[in-house]
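Predicted, not measured: the structure shown is a model, and the values here were computed from it. We use all heavy atoms of the structure for the numbers below, so side chains are in, but hydrogens, waters and symmetry mates are not.
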Amino acid sequence: MANTSSTRFFPFIGHWQRITLGLFLLVFVCWFFADTEVIALEPWAELGRMFTGFITPDFGATEYLLDAVWQTISFALLGICLGLLLGLPLALAYQHPLIAAICAFIRAIHEIFWALIFLQVFGLSPLTGILAIGLPYAATFARVFADILQQAPSQTLFALPKGTDKLSALIYGRWMHMYPQIVAYIRYRFECALRSSAVLGFIGMPTLGFYLESAFRQGHYQQGGALLILFIVLIGTIRFWAKPVMLWVYLPLAVYFLPELPVFQPQLIWRFVSIDILPPMLQGQTLTTWFAVDTFIAVFDWAYELVRDQVWPGIVATLVLACCALGLTHVLTLIMLPLNTTLMMPKPVIILMRGINLILRSLPEYLLAFVFMLLLGPSMLPAIIALALHNSGLMVFLMARQSDDIIVPLTYRPRLDHYSYMVLPVIYPHFMGLLFYRFEVIIRETAILGMLGVMTLGFYVDSNFAEIRFSGALLLLMFTAGLNVLVDYTARKLLQAPRDKLQAC
């Protein structure tokens, strides 16, 4: 009888424990197959040189430093604006299954892969960077805005005068209710866009990432430390310099100071679409030969070899790396979260820890993995550590706010046992929901970390682009996007289970 009562009134008991246990069993198995060998000969000596460079930065070593900072901001700002222009109308039609499927496919491909695609058509131009950020962000805005608008209260719609047009009903009946949440999310995506803009420098775009990669690759750690500090300050002070009223100044300046755009050449786009992305046996062939039996067999053999030799091992490596990073993210977040809440720590400690979180969440995973790879050598270990540090820093930043808002009983004391029994169970469902959302992001980031030499899907995608085999690269990108969509669907099903039980009770 007691068990029935507890199940009825506490439907979450047992579910999250099973999910957590299953997660760690999966992580244990994946860690067994992961390549975590430390190959570097003197990692601690190299780390010491990096630390020395970080505490003795040389801000005058980088040529065109202010220009690189401005280009980083410009690409992020213009990419966000493009994403909003495309994402807002898509959000209104997101309930359509086709629109939702297209958006899921687009946002599943990382910005740097979109940049590699547009690079073949527009070269190293501002258009490449803006489109690479704007296109996946539009799909993300469409999904998030659609979810936010669904939460708007419906009472206002019934209170509107009879005959109110649909646009006015949307703005006053739904949009204005959720305006603070929408603005807060746009501000968060702008922070993400700054990181994406910096990462585009690793493929040659004139942003801070270009100079960061050059400095660390050449061992100029004083220069690299200065650039890292500058980027962290840029992220940490967004709320001061990126005020909405200032966007009307920044946006025209961003457009005015853009580097010269290339002359539009439609023949390059047509060649890329009609020849370059086709399988080798179809290039230069007429449409009538495409439907021949021999051609079908040749295309099937080509696709089968690609799936067998690249797609399948790439998917396995991607999932192994992502699961290990997810498990480490879970552990690091649970360790750091009590150190970042007022329910456990005094204000000086919280200020220090939130400064550390700012560093962790500001530095892109790609950059962190690049640095750790210099220290530990080319294995999965640098990528796992980089993904876990960045995502745990971001999760702690988001979860600490929720922890601070919890009303605890008068008997509560700032001790670990009280925190574990009175605070953690309250925030844990949201914590797991955020963790599984980050798993989708980790899968995306895991793919691009292959560009650093880890044998994930991104490694094979980058190899195909480097060898000008665009048809193979696009097929791999389709599997990459499909993997992301599958992971997102599975995570949603896992999170939906306790909600369904709660409604049933």
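A distance of 12.0 Å separates CG of N357 from CE of M395, quoted to the nearest 0.5 Å. If you take OG1 on T446 and CD1 on I384, they are separated by 9.0 Å, rounding to the nearest 0.5 Å. To the nearest 0.5 Å, the span separating CG on L135 from CD1 on I109 amounts to 9.0 Å. R189 contributes atom CZ, which lies 7.0 Å from atom CD1 of I80 (distance to the nearest 0.5 angstrom). Atom CG of L208 and atom CG of L200 lie 12.0 Å apart (nearest 0.5 Å). Here R469 contributes atom CZ and L474 contributes atom CG; the two are 12.5 Å apart, rounded to the nearest 0.5 Å.
Checked by atom type and distance alone, the side chain of T318 never pairs as donor or acceptor with a backbone atom of T456 at under 3.5 Å. Between the side chain of Q120 and the backbone N or O of L116, at least one donor-acceptor pair lies under 3.5 Å. Judged purely by atom type and a 3.5 angstrom limit, S379 uses its side chain to pair as donor or acceptor with the backbone of E37. N340 places no side-chain N or O within donor-acceptor distance of the main-chain N or O of F397, the cut-off being under 3.5 Å. No donor-acceptor pair under 3.5 Å is formed between the side chain of W114 and the backbone N or O of L131. Without hydrogens or angle criteria, H390 side chain to E365 main chain gives no donor-acceptor distance under 3.5 Å. Using modelled atom types, no side-chain atom of T341 and backbone atom of L337 make a donor-acceptor pair closer than 3.5 Å. Under a 3.5 Å cut-off, the side chain of S196 and the backbone N or O of C192 do form a donor-acceptor pair. A distance-only check finds a donor-acceptor pair linking the side chain of T207 to the backbone of S197 [under 3.5 Å].
The minimum heavy-atom distance between L82 and G134, with the atom names listed, is CD2-CA, 4.1 Å. When every heavy atom of M344 is checked against every heavy atom of L416, the shortest pair comes out as CE-N, 3.8 Å. Between S403 and L343, the shortest heavy-atom contact is O-CD1, 3.2 Å. Contact detail for G225 and P57: the closest heavy-atom pair is C-CB, 4.1 Å. In terms of heavy-atom proximity, P378 sits nearest to D35 at O-OD2, 4.4 Å. In this structure, P136 and I133 approach most closely via the heavy-atom pair CD-O, 3.5 Å.
At a threshold of 4.5 Å between non-hydrogen side-chain atoms, the residues L435 and L23 count as touching. Under the 4.5 Å side-chain criterion, counting only non-hydrogen atoms from C-beta, F231 is not in contact with L227. With a 4.5 Å cut-off on side-chain heavy atoms, I73 and L234 count as touching. You'll find the side chain of I148 reaches within 4.5 Å of the side chain of I182, heavy atoms only. Contact check for F216 versus L228: side-chain heavy atoms found under the 4.5 Å cut-off. Side-chain contact between L326 and V27 is absent, with no heavy-atom pair separated by less than 4.5 Å. The side-chain heavy atoms of F113 and D462, taken from C-beta on, include no pair separated by under 4.5 Å. Considering only heavy atoms from C-beta on, Y185 stays 4.5 Å or farther from D147 through its side chain.
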* Apply side chain to side chain contact (heavy atoms under 4.5 Å, CB included) to the pair I232 and L363, showing each step before the final yes or no. => CA-CA 7 Å; I232 292 169; L363 299 179; 4.1 Å; yes
* Asked: Can you list the steps and then say if H110 with M451 is a side chain to side chain contact (heavy atoms under 4.5 Å, CB included)?
  -> CA-CA 12 Å; H110 196 275; M451 298 176 64; over 6 Å; no
* Under the side chain to side chain contact (heavy atoms under 4.5 Å, CB included) criterion, do I99 and C103 qualify, and how do the steps go? -> CA-CA 6 Å; I99 299 295; C103 289; 4.2 Å; yes
* Asked: Taking it one step at a time, do V396 and L360 satisfy side chain to side chain contact (heavy atoms under 4.5 Å, CB included)?
  -> CA-CA 10 Å; V396 168; L360 293 178; over 6 Å; no
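Applying the ring pair (Phe, Tyr, Trp, His ring centres under 6.0 Å) definition to pairs two or more places apart or across chains, those involving residues 308-353 are F24-H330, H330-F431.
Between R361 and E191 a salt bridge is recorded (basic side-chain N to carboxylate O distance below 4.0 Å). With salt bridges taken as basic N to acidic carboxylate O contacts below 4.0 Å, one links R444 and E111. A salt bridge links R354 to D404: at least one charged side-chain nitrogen sits closer than 4.0 Å to a carboxylate oxygen.
Summarising the local packing, OH of Y421 is surrounded by 12 or fewer heavy atoms from other residues, nucleotides or ligands at distances under 6.0 Å. By the neighbour-count criterion of 12 heavy atoms within 6.0 Å, atom OH of Y188 is densely surrounded, having more than that number from other residues, nucleotides or ligands. No more than 12 heavy-atom neighbours from other residues, nucleotides or ligands sit within 6.0 angstrom of CD1 on I468. For R239, the CZ atom is loosely surrounded, since the number of other residues' heavy atoms within 6.0 Å does not exceed 12.
A cation-pi arrangement is absent between R143 and Y94, since the terminal nitrogen or guanidinium carbon is not both under 6.0 Å from the aromatic centre and inside a 45° cone about the axis.
Between Y221 and F54, the ring center distance fails the sub-6.0 Å criterion.
Among I351, V349, I350, the single residue meeting the side-chain contact (heavy atoms from CB on, under 4.5 Å) criterion with M353 is V349.
The aromatic rings of Y137 and F141 sit perpendicular, their planes meeting at an angle over 60°, well past the 30° parallel limit.
Considering only residues two or more places apart in sequence or on other chains, H418 meets the side chain to side chain contact (heavy atoms under 4.5 Å, CB included) condition with Y412, R413, R415, M422.
Under 3.5 Å, the side chains of Q310 and N464 contain a donor-acceptor pair of N or O atoms.
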